*Asks:* 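Shown below is the structure under consideration.
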Amino acid sequence: MAKTAITPTREQDFSAWYQNVISAADLAENSPVRGCMTIKPYGYAIWELIQKQFDAIIKSMGVQNCYFPTMIPLSFFQKEAEHVEGFAKESAVITHYRLKAVDGKITVDETAELTEPYVLRPTSETLFGEAMSRWVNSYRDLPMLLNQWANIFRWEMRPRIFLRTAEFLWQEGHCAFATKEECLKHALKMLSTYENFAKDTLALFSYTGEKTPEERFAGADNTYTFETMSQDGKSSQSGTSHNLGQHFAKSFNIKYQSEEGKEEFAWTNSWGVSSRLIGAMIVAHSDDDGLILPPAIAPYECVIIPFIKSDMDTKALTAYCEKVKESLLNAGIRVLFDNSDMRSSDKVWKWIKKGAPIRIEIGANELSQDSVTITRRDLGKASQKQINLKSISEIRDVLNTMQKDIYEKHKSLTLDSTKTVKTIEEAKELLAKDFKGFIKLPYKETLSEKYDELKETYKITRRCLPLEDKETVIIAKSF
RNA sequence: CGGGGAAUAGCUCAGUCUGGUAGAGUACUAGUUUUGGGAACUAGGUGUCGCAGGUUCGAAUCCUGUUUCCCCGACCA
């Protein structure tokens with residue numbers, strides 16, 4: 001069997017494989033702080049590309065960015081009963097504002113206790129609610145479409161790098177509307193925006209749907225989600241959109257005067273995607289040789305690797321590589337000329353593990369033929385081909401095709417690993433045979449003790465009721 | 001937060017039972033020959049043994065506490 005860059009393989013131990021892909025690609029590492037990660041430059045570059053592209057989308061939809069403090073007064077949580085219930089168990093709380101040194105040891109100064117503790121934001125509905133109560137006055141102020149890019153704290157009991165960390169990065173949109181209909185329509189619009197973004201940018205196929213009541217966001221009328229599948233058949237809640245109805249408007253007193261001069265409560269929604277997207281993308285696409293990045297979020301879509309022979313004119317080769325790099329940059333392609341003095345074959349492996357979509361090899365052959373040799377990361381050596389420098393812009397097409405192919409592959413994986421059954425007994429049969437994937441069945445079938453039994457035994461959860469068919473529920477193991 | 005495992009060189013780990021002052025592979029540095037999916041030889045540098053106490057003439061090793069990671073649960077808008 002061929003040697004793989006990552007051990008163990010996905011088949012052998014998916015969880016260990018996942019962590020090794022991240023460290024081999026140099027994306028992130030565990031930090032000394034419990035449950036938190038340090039995102040390294042290559043990993044952060046991926047997040048920046050996600051940020052940049054999604055930010056452009058929401059701005060084109062009329063959303064404006066703003067920024068609130070990381071700390072939320074404890075009293076804000078008390079205003080919405082369900083909400084505090086939902087987040088109480090995973091909140092980090094700031095209680096003191098000063099340190100002291102005793103015998104050279106730094107400790108908390110117990111005399112410097114805050115009169116009101118602050119909660120490190122687990123989400124910002126309360127802050128936005130309080131602000132909107134002042135910012136919304138007239139129907140002319142609506143809709144108010146806001147977003148913030150921020151860090152979030154949730155004291156997770158069992159963290160997993162990117163997929164579930166105690167601190168993570170996200171965007172949270174918070175919007176207020178004059179009518180119930182507008183608000184719901186917009187929440188659903190954001191859900192489809194996420195679905196398309198996941199497809200076009202992260203090459204992720206997803207199931208979109210509504211969360212069942214027990215999975216709903218604390219304080220929402222409806223929670224919508226898009227769920228993506230990992231290669232071991234588990235589901236990741238990759239983004240959500242909540243229709244908050246008037247819960248927060250009433251708790252925080254977000255009122256406006258209508259055209260008729262009447263005072264009305266606004267309707268609000270909120271929606272977010274986080275750095276979990278990176279984790280979802282890794283478990284969906286990567287292989288036993290490491291990371292596979294869809295071109296749209298690859299820090300470098302192409303990496304040029306020179307192959308130097310001892311009797312070669314190094315300067316001529318370097319100059320040629322620079323020329324190739326220039327023409328790719330001119331074609332709007334993110335490219336890196338890896339001119340470091342590693343061995344060429346080591347560079348090849350390095351960029352395989354880091355998931356660079358296209359590897360461009362340039363050596364004596366290419367130099368003499370005015371060409372380059374390209375290899376697609378997802379297809380490996382079989383996809384290797386030589387193209388002429390004159391038609392170098394064809395690489396753009398290869399990247400576009402690759403983006404689509406990775407999506408189609410993930411779509412096939414998901415559809416092939418989704419089984420539809422009619423009864424809870426059939427679902428049980430599947431799970432008993434160690435089925436890895438999603439199971440679709442009539443929702444009412446899961447409203448019995450038999451489902452609870454299944455849930456206990458196989459650790460499955462209701463993922464969502466697909467928008468197009470709310471009588472059906474998708475159940476799966478969760479990340 | 002409960003149960004189990006772990007923490008020693010950048011990385012993977014041996015050494016811990018039986019206390020005596022730190023080791024391998026790999027990586028790294030230099031040189032030579034190499035280079036198209038993980039090169040070979042030669043010569044070198046590398047450690048608060050997670051952290052804090054304790055026992056001891058002496059602690060990576062024994063004891064106590066603590067932090068972090070991994071696995072299984074519970075938890076997870």
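Nothing here was measured: the structure is a model prediction, and the numbers come from that model. Chain identifiers are assigned alphabetically (A, B, ...) following the order of the sequence lines, protein sequences preceding nucleic acid strands; residue numbering begins at 1 within each chain.
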*Asks:* Rounded to whole angstrom units, what separation is found between the CD atom of A:Glu214 and the C1' atom of B:C75?
*Replies:* 15 Å

*Asks:* Using the C1' atom in both, what is the distance from B:G15 to B:C76, to the nearest Å?
*Replies:* 41 Å

*Asks:* Rounded off to whole Å, could you give me the NZ-to-C1' distance for the A:Lys234 and B:C76 pair?
*Replies:* 14 Å

*Asks:* Considering heavy-atom distances to RNA chain B, does A:Gly35 or A:Phe168 have its closest nucleotide positioned more toward the 5' end?
*Replies:* A:Gly35

*Asks:* Answer yes if the ring centres of A:Phe87 and A:Phe77 are under 6.0 angstrom apart, and no otherwise.
*Replies:* no

*Asks:* Do the side-chain N and O atoms of A:Ser274 and A:Arg276 include a donor-acceptor pair separated by under 3.5 angstrom?
*Replies:* no

*Asks:* What residues in residues 225-232 of chain A put a non-hydrogen atom under 4.0 Å from any atom of RNA chain B?
*Replies:* none

*Asks:* When you compare B:G73 with B:C63, how far apart are their C1' atoms, in angstrom units rounded to a whole number?
*Replies:* 31 Å

*Asks:* Which ring-ring contact (aromatic ring centres under 6.0 Å, His included) pairs, counting each pair once, include a residue from residues 353-392 of chain A, with sequence neighbours left out?
*Replies:* none

*Asks:* Measuring only between side-chain heavy atoms, which start at C-beta, is A:Arg376 closer than 4.5 Å to A:Val398?
*Replies:* yes

*Asks:* Does the protein touch nucleotides 34-39 of chain B at the base, only the backbone, or not at all? Give it as B, S and - per nucleotide, heavy atoms under 4.0 Å.
*Replies:* BBBBBB

*Asks:* State the pairing partner of B:U64; accept Watson-Crick or G-U wobble contacts with both distances under 3.5 Å, and report none otherwise.
*Replies:* B:A52

*Asks:* Between B:A22 and B:A14, how far apart are the two C1' atoms, rounded to whole Å?
*Replies:* 11 Å

*Asks:* Whole angstrom is fine here: how far is it from NZ in A:Lys455 over to C1' in B:C76?
*Replies:* 12 Å

*Asks:* For A:Glu90 and B:A74, what is the distance between atoms CD and P respectively, to the nearest whole Å?
*Replies:* 16 Å

*Asks:* Round to a whole Å and report the spacing from CD of A:Gln12 to P of B:C71.
*Replies:* 16 Å

*Asks:* Once you apply a heavy-atom cut-off of 4.0 Å, does A:Lys459 come out as touching a base, just sugar-phosphate, or nothing?
*Replies:* sugar-phosphate

*Asks:* Do A:Arg121 side-chain atoms and A:Phe68 backbone N/O form a donor-acceptor pair below 3.5 Å?
*Replies:* yes

*Asks:* Rounded off to whole Å, could you give me the CZ-to-C1' distance for the A:Arg164 and B:C70 pair?
*Replies:* 15 Å

*Asks:* Can you list the residues that meet the ring-ring contact (aromatic ring centres under 6.0 Å, His included) rule with A:Phe162, with sequence neighbours excluded?
*Replies:* none

*Asks:* When you look at CD of A:Glu85, are more than 12 heavy atoms from neighbouring residues, nucleotides or ligands closer to it than 6.0 Å?
*Replies:* no

*Asks:* Are a donor atom and an acceptor atom from the side chains of A:Thr9 and A:Gln12 found within less than 3.5 Å of each other?
*Replies:* yes

*Asks:* Determine the interatomic distance between P on B:G44 and the same-named atom on B:U12; round to the nearest Å.
*Replies:* 27 Å

*Asks:* Counting only Watson-Crick pairs (N1-N3 plus N6-O4 or O6-N4) and G-U wobbles (N1-O2, O6-N3), all under 3.5 Å, who is the partner of B:U29?
*Replies:* B:A43

*Asks:* Hey, does the side chain of A:Ser15 come within less than 4.0 Å of B:C71's phosphate (OP1/OP2), counting only N and O?
*Replies:* yes

*Asks:* Considering every strand shown, what is the Watson-Crick or G-U wobble mate of B:A14 when both distances are under 3.5 Å?
*Replies:* none

*Asks:* Between B:U68 atom C1' and A:Glu29 atom CD, what is the distance in whole Å?
*Replies:* 13 Å

*Asks:* Could you work out the separation of B:C51 and B:G25 based on their C1' atoms and round it to a whole Å?
*Replies:* 28 Å

*Asks:* B:G50 C1' sits how many Å from A:Asn30 CG, rounded?
*Replies:* 14 Å

*Asks:* Pairs in or reaching into residues 10-24 of chain A: which pass salt bridge (charged side-chain N to carboxylate O under 4.0 Å, His left out), with residues at least two apart or in two chains?
*Replies:* A:Arg10-A:Asp288

*Asks:* Nearest-nucleotide wise, let me know which of A:Pro122 and A:Arg34 is further upstream toward the 5' end of RNA chain B.
*Replies:* A:Arg34

*Asks:* Say you pick atom P in B:G38 and the same atom in B:U61; how far apart are they, in whole Å?
*Replies:* 43 Å

*Asks:* Can you check the distance between B:C28 and B:G19, where both ends of the measurement are the P atom (answer in whole Å)?
*Replies:* 39 Å

*Asks:* What is the base-pairing partner of B:C57, counting Watson-Crick and G-U wobble geometry with both distances under 3.5 Å?
*Replies:* B:G20

*Asks:* I need the full list of salt bridge (charged side-chain N to carboxylate O under 4.0 Å, His left out) pairs touching residues 350-370 of chain A, with sequence neighbours left out, sorted by first then second residue.
*Replies:* A:Arg359-A:Glu361

*Asks:* Checking A:Glu125 side chain against A:Phe248 main chain: does a donor-acceptor pair fall under 3.5 Å?
*Replies:* no

*Asks:* Answer with base, sugar-phosphate or nothing: what part of the nucleic acid does A:Glu125 contact at a heavy-atom distance below 4.0 Å?
*Replies:* nothing

*Asks:* How far does the P atom of B:G53 sit from the matching atom of B:G58, given to the nearest Å?
*Replies:* 16 Å

*Asks:* Any strand counts, and the cut-off is 3.5 Å on both contacts for Watson-Crick or G-U wobble. Which nucleotide pairs with B:G73?
*Replies:* B:C1

*Asks:* Classify the nucleic acid contact of A:Trp271 as base, sugar-phosphate or nothing, counting any heavy atom under 4.0 Å across all strands shown.
*Replies:* nothing

